[in-house]
Structure formats: structure tokens, C-alpha cells
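What follows is one structure encoded as C-alpha cells, with my remarks underneath.
Throughout, protein chains are lettered first and strands after them, A, B, ... in sequence-line order, and every chain is numbered starting at 1. Worth knowing before you read on, the calculation uses all heavy atoms, side chains too, and leaves out hydrogens, waters and symmetry mates. Since the model is a prediction, treat every value here as computed from it, not as a measurement.
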2 protein chains.
Amino acid sequence: MTTTDNTKQSNRDKKQQQLLDAAEKLFSQTGYDGASMSMIAKEASVPKANVLYYFKNKDSLYEAVLDRIVAQWNLGLENITPDDDPAVVLYNYIKSKIKLAIEQPMQSRLFASEIIRGAPYLQGYLRNSARPWIREKSALFQAWIDAGKMNAIDPQHLLFAIWSTTQYYADFEAEVLLVQNKLEYENSDVEKITQSIAQLILTGVGLAIPE
Amino acid sequence: MTTTDNTKQSNRDKKQQQLLDAAEKLFSQTGYDGASMSMIAKEASVPKANVLYYFKNKDSLYEAVLDRIVAQWNLGLENITPDDDPAVVLYNYIKSKIKLAIEQPMQSRLFASEIIRGAPYLQGYLRNSARPWIREKSALFQAWIDAGKMNAIDPQHLLFAIWSTTQYYADFEAEVLLVQNKLEYENSDVEKITQSIAQLILTGVGLAIPE
DNA sequence: AAAGTGTTTGACCTTTCGGTCAATGGCGTT
DNA sequence: AACGCCATTGACCGAAAGGTCAAACACTTT
């Protein structure tokens with residue numbers, strides 16, 4: 001088409017992204033029911049009716065926020081084969097998860113709220129994306145175990161353990177910071193957390209922390 | 001006092017507990033904002049005005065629910081000394097936490113929702129109860145480490161790891177069950193989860209799973 | 001029987017919710 | 001200048017929210 005069409009399209013996209021930003025922030029702070037359309041509009045500095053022009057109702061806005069998170073949230077561990085070194089792979093995975101949890105806690109918290117509520121909007125994602133992914137990576141872990149590269153453990157529970165320990169620092173940030181009497185995480189915290197978790201998980205399956 | 005007074009008091013208490021049961025269920029399902037007073041009243045099979053006779057407003061009802069959870073939720077690890085065997089202590093602790101997560105998931109989920117929202121009602125508890133408890137237990141762990149009874153690790157992160165891995169099966173029950181294509185946990189799951197987590201944590205700090 | 005005390009409840013209040021709609025505005029095309 | 005098309009927005013709607021209140025009720029105590 002013409003250039004004007006493209007500009008219009010990108011303007012529309014840009015505005016939609018801004019609305020999604022505001023919605024993501026508020027949904028993650030107070031949950032689906034706690035965040036009102038007028039609060040979201042206020043956060044985005046537009047009238048409420050304008051939000052409803054871009055998203056036909058609250059449900060579809062919430063769904064769009066979740067869809068964006070899930071799309072960005074590449075589950076990781078791509079292009080890994082049984083020939084790779086499990087210690088290196090798991091260490092890097094844990095490291096990236098911790099980094100994500102501390103730098104993008106809102107996504108993790110919104111995801112958690114949604115699952116706690118019984119995942120009404122994420123059933124499709126869990127069934128069609130997460131489940132096959134988990135099955136695939138479980139097979140990878142099992143191959144490592146069968147090859148004697150790491151100790152036997154249920155691969156699914158190993159994945160759950162990695163997710164839970166890393167996401168904890170996003171979802172329970174308020175608790176962790178309050179207990180440690182801090183206002184926010186420091187760079188040194190990221191390092192310390194990574195080391196502690198990597199030690200537990202890796203040593204836990206008989207691997208040494210790489211390098 | 002007289003017997004009638006005690007009966008009245010216990011009637012009042014009993015009714016209050018029933019209302020707290022209903023409130024706990026709904027708050028844990030849909031969060032503070034998602035659960036309405038009329039839904040809670042309906043769940044308890046009483047008119048809404050009756051709920052507000054026992055709890056002066058929604059806030060105080062929510063607070064009472066949290067207070068009851070926190071009171072029941074003994075943090076565990078009581079009466080442990082540096083002379084005890086860390087492997088036995090940690091194993092039993094993990095085992096009891098898993099049991100609790102699977103048998104009483106609502107409490108864990110409500111607690112999690114509250115922390116995700118920034119713990120507006122639990123700041124006092126975290127500051128005055130959880131923090132001293134964590135400091136005390138951290139010292140205990142450190143004593144074990146100093147005595148060469150277990151590998152060096154940051155005791156606080158060890159505690160966070162135990163909490164996160166165990167509570168995950170309550171808070172993310174919907175995800176775990178959906179991924180495993182189950183409707184509910186079975187007895188064998190409790191055993192398997194306990195073994196997997198105990199293996200990671202205990203081996204992770206250089207301990208063997210007891211007996 | 002009357003008075004007193006705590007409990008129950010329907011009716012009602014204000015505010016806010018999600019959502020609709022018609023009027024207005026901006027802007028390129030003819 | 002007139003048209004068409006999407007974007008913007010204030011006014012408005014019914015429903016549901018949290019909360020109040022006074023009348024009725026149950027049950028002792030006198």
C-alpha cells in the first residue's frame with residue numbers, strides 16, 4: 001500500500017502497545033478484578049472510551065495483555081540437544097530466568113495471578129504450548145540422565161523447581177525485599193541469587209557449576 | 001461466667017469461623033477485589049447484611065481471614081538446635097510443606113495473591129513475625145554450615161528455595177495439573193514431589209536423603 | 001408479662017463498574 | 001469545497017459494588 005497506510009497502521013499499533021503497557025502494569029498490580037478500565041485509561045492518559053475503541057471490552061484487553069506476555073515469554077531452552085552439556089545449559093537457563101524475574105517482574109506476577117485464579121484465560125496456552133514444550137524438554141533431560149550425564153530425577157519436577165525458585169523473586173518480591181529490609185534488588189543480589197539457586201539445582205542433580 | 005454466656009460466645013465464634021471459611025474460599029479463588037461481599041454471603045448462606053454485622057467492612061473481613069491463616073500457619077522448624085541432624089530436619093520440613101500445599105492450597109494461594117499485590121495487609125506480619133523467624137533459622141543453618149554438617153549456602157535463599165518449590169504445587173496447581181492432564185493430585189504425587197524436591201535441596205547442600 | 005440484649009434481615013443509599021453512543025474532530029482523496 | 005473514514009471523547013446507561021439503617025426477631029432476666 002501507500003506510505004500513509006503504513007504510518008496509520010504503525011500509529012495504531014503504537015497506541016495499542018501503549019494501552020497494553022498501562023493495562024499490564026495495573027493488571028499485574030491489582031489483578032483482573034482490581035484494575036478498572038478507568039484506572040487503566042488514566043494510567044495511559046486517555047479517556048476511558050478511547051481504550052474501549054481499541055479493545056472491545058475488558059476481557060479482550062486482558063487477553064491481549066496475556067497474549068503479548070506469552071508471545072514475548074519465549075520459554076527458552078531452544079536448540080538444545082542431548083549432546084550439549086547439561087551443566088552449562090541449566091546454568092544459563094537459571095541465570096536468564098533470574099534476570100527476567102528481577103528485570104520484568106510484572107509479567108511474572110500477572111502470569112502467577114492468572115494461574116492462581118485457575119488459569120481461565122491461559123488454558124489454551126498451557127494445553128497447546130506449555131504442555132508440548134514440557135514434554136519435549138523432559139525427553140531431553142531424560143536423555144541426559146540415560147546417558148549418565150546427570151543424576152536421575154523426574155524431569156517435570158526439575159522444571160517446576162527451576163521455575164518456582166526463579167519466579168519467586170518476582171512474584172514474592174515484596175516479601176523478599178521486606179525481609180531483607182531493602183527497597184529494591186541490587187546488581188549483587190542477582191549474582192547471589194543465581195549462585196544459590198544454581199548450586200541447589202545443579203549440585204542437586206550431580207552437576208558442577210560451570211567454569 | 002454462666003454457661004449461657006459461654007454458649008453465646010461460642011455460637012458467635014462458630015458463626016464467625018463459618019463466615020471466615022466462606023471468605024477464605026472466595027478470596028483465594030478470585031482475590032480481594034474479585035470476591036464481593038454478596039458472593040461471600042451467598043457462599044455462607046446468609047444475607048449480606050449479616051456478614052457486615054460480624055465484620056464491620058470488607059477490609060476487616062479480609063484482614064481477619066489473613067490473620068487466621070497466619071495464626072494457623074505455624075512457620076515450622078520449632079525446637080530445632082544445631083545439634084540436630086540437618087538432613088532429617090530439612091527432609092521433614094519439606095515433607096510437611098508439600099503435604100500442606102496439597103491439602104490446604106487455598107491458604108497458600110491467598111497468601112501468594114496478597115504478596116503479589118505488594119502485601120498491603122501483611123507488612124506487619126512480615127516485619128514482626130516472618131523476618132525475626134527467618135533471621136533465627138538462618139543462624140541455625142549457618143551453625144550447621146560452620147560445623148561442617150552441610151555445604152555453604154546463603155541460608156535465606158535456601159529458605160526461599162524450600163518455600164517456592166513446595167508452595168508452587170499449591171499456587172500453580174492449575175498449571176501442574178493441566179500439564180500432567182490430571183484433575184487432582186493423587187497420593188502417589190505427594191510422594192513423588194517430596195522425593196524430587198528433597199533430592200534437589202538436600203543433595204544441593206551436600207546431604208543425603210535420610211533412611 | 002415486660003424489659004433488655006444481641007441477632008437477623010430487607011430496603012435502601014451512594015459510588016463505581018463495564019460498556020454504549022452520538023457528536024465532533026482531523027485529514028487525505030476527489 | 002465536499003466527501004469519506006477512522007479517531008476521539010463527554011454524556012449517559014443499567015448493574016453491581018460496599019455499606020447503612022431501622023424494624024423485626026429470639027432469648028434471658030427481672
Worksheet item: Rounded to the nearest Å, what distance is computed from the CG atom of residue A:Asn11 to the P atom of nucleotide C:dC27?
Response: 11 Å
Item to complete: Give a yes/no on whether any side-chain N or O of B:Arg12 is located under 4.0 angstrom from OP1 or OP2 of C:dG6.
Response: no
Fill in: Nearest non-hydrogen partners of B:Leu207 and B:Met150, listed with the distance
CD2-CB, 4.1 Å
Fill in: Note, A:Gln167 side chain near A:Phe172 side chain (heavy atom, < 4.5 Å)
no
Worksheet item: Could a donor-acceptor pair under 3.5 angstrom be found where the side chain of A:Lys48 meets the base of C:dG19?
Response: yes
Fill in: Integer-rounded Å distance: D:dG18 P and A:Asp33 CG
11 Å
Practice prompt. For B:Ala41, answer base if it contacts any base atom (sugar-phosphate contacts may also be present), sugar-phosphate if it contacts only those atoms, and nothing otherwise; contact means non-hydrogen atoms under 4.0 Å.
Written response: nothing
Worksheet, complete the sentence: Taking for B:Lys15 and for A:Asp59 the nucleotide of DNA chain C with the nearest heavy atom, the one nearer the 5' end belongs to B:Lys15
Worksheet entry | Length of the NZ-P vector between B:Lys58 and C:dT14, whole Å | 21 Å
Item to complete: May I have the distance from B:Lys42 (atom NZ) to D:dG18 (atom P), rounded to whole angstrom?
Response: 14 Å
Worksheet item: Once you round it to whole Å, what is the distance between P of C:dG6 and OH of B:Tyr53?
Response: 7 Å
Discussion item. Just by distance, no angles: are the side chains of B:His157 and A:Tyr168 close enough, under 3.5 Å, to form a donor-acceptor pair?
Written reply: no
Discussion item. Please report the distance, rounded to the nearest Å, between CG in A:Asn50 and C1' in D:dG10.
Written reply: 12 Å
Worksheet, complete the sentence: Tested for ring pair (Phe, Tyr, Trp, His ring centres under 6.0 Å) against A:Phe111, the lone hit among A:Trp73, A:Trp163, A:Phe27 is A:Trp73
Worksheet item: Counting only side-chain N and O atoms of A:Ser38, is one of them less than 4.0 Å from OP1 or OP2 of C:dT16?
Response: no
Worksheet entry | Contact nearer the 5' end of DNA chain C, comparing A:Lys56 with B:Val46 | B:Val46
Practice prompt. In whole angstrom, give the distance that lies between atom CG of B:Leu52 and atom C1' of C:dT8.
Written response: 13 Å
Practice prompt. Mind calculating the distance between CG (B:Leu19) and P (C:dT7) to the nearest angstrom?
Written response: 12 Å
Practice prompt. Give the nucleotide from the list C:dT7, C:dG19, D:dG10 with an atom nearest to the side chain of A:Ala49.
Written response: D:dG10
Worksheet item: For the side chain of A:Met37, counting heavy atoms from C-beta on, which of C:dT7, D:dG19, C:dG18 is nearest?
Response: C:dG18
Worksheet item: Taking OP1 and OP2 of C:dT16, is either one under 4.0 Å from a side-chain nitrogen or oxygen of A:Ser36?
Response: no
Discussion item. Using only atom types and a distance under 3.5 Å, with no angle test, would you say the side chain of A:Lys56 pairs donor to acceptor with the backbone of A:Leu61?
Written reply: no
Worksheet item: Out of C:dG19, C:dG10, D:dT9, which has the shortest distance to the side chain of A:Pro47?
Response: D:dT9
Worksheet item: NA contact type, A:Tyr54, heavy-atom cut-off 4.0 Å: base, sugar-phosphate, or nothing?
Response: sugar-phosphate
